[in-house]
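The structure appears right after this line, and notes come after that.
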Amino acid sequence: ESQFTATAVLPGPVHLLVDTNLTGQSFGMKGYVNVRTSVAENLLQFHEVPLRVQTSEGEKSGISQLMQARRADRESKAAGQGPKEYVRAVQAGKVEGDMQVGRGL
């Protein structure tokens with residue numbers, strides 16, 4: 001159930017689309033608002049609106065950790081092993097652990 005409360009500035013909720021594939025160096029996001037049409041009373045159109053993301057220092061730290069985890073996952077896959085295999089290899093002393101990779105995992 002939505003807890004959204006309409007205001008004069010924002011009469012309807014903002015719909016966010018987030019690219020969870022993390023294919024680029026940033027999180028891809030787009031924002032949309034719904035607009036009633038004159039064609040039918042119950043028909044809505046979604047219009048893209050400019051979006052600017054502002055983050056606090058704590059959020060920046062969390063995003064940085066997520067990006068490190070993604071990098072660690074890619075590096076371990078490139079080396080032919082998944083995260084579990086990497087951890088096991090470090091624990092067995094076969095591979096020197098990387099603190100940044102460990103934090104990412």
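The first residue in the sequence is number 1, and the count goes up from there. For clarity, every value in this text was computed on a predicted model and none was experimentally measured.
- Side-chain atoms of Val90 and Glu96, non-hydrogen and from C-beta on, never get closer than 4.5 Å to each other.
- His15 contributes atom NE2, which lies 4.5 Å from atom CG of Asn34 (distance to the nearest 0.5 angstrom).
- Taking CG of Leu16 as the reference point, atom CE of Met29 lies at 7.5 Å (rounded to 0.5 Å).
- Annotation: salt bridge (charged side-chain N to carboxylate O under 4.0 Å, His left out) contacts involving residues 45-57, sequence neighbours excluded, comprise Glu57-Lys60.
- In plain terms, the two heavy atoms of Ala6 and Pro11 that are nearest each other are CB-O, 3.4 Å.
- Among residues two or more places apart in sequence or in another chain, the salt bridge (Lys or Arg N to Asp or Glu O under 4.0 Å) test is passed with Lys94 by none.
- Leu10 places a side-chain heavy atom less than 4.5 Å from the side chain of Phe4.
- Note on Phe46: it does not cluster hydrophobically with Leu43, by side-chain heavy-atom contacts below 4.5 Å among ILVMFWY residues.
- Closest of all the heavy-atom pairs between Val35 and His47 is CG2-CD2, 3.3 Å.
- Residues Leu17 and Tyr32 are in side-chain contact: their nearest non-hydrogen atoms beyond the backbone lie under 4.5 Å apart.
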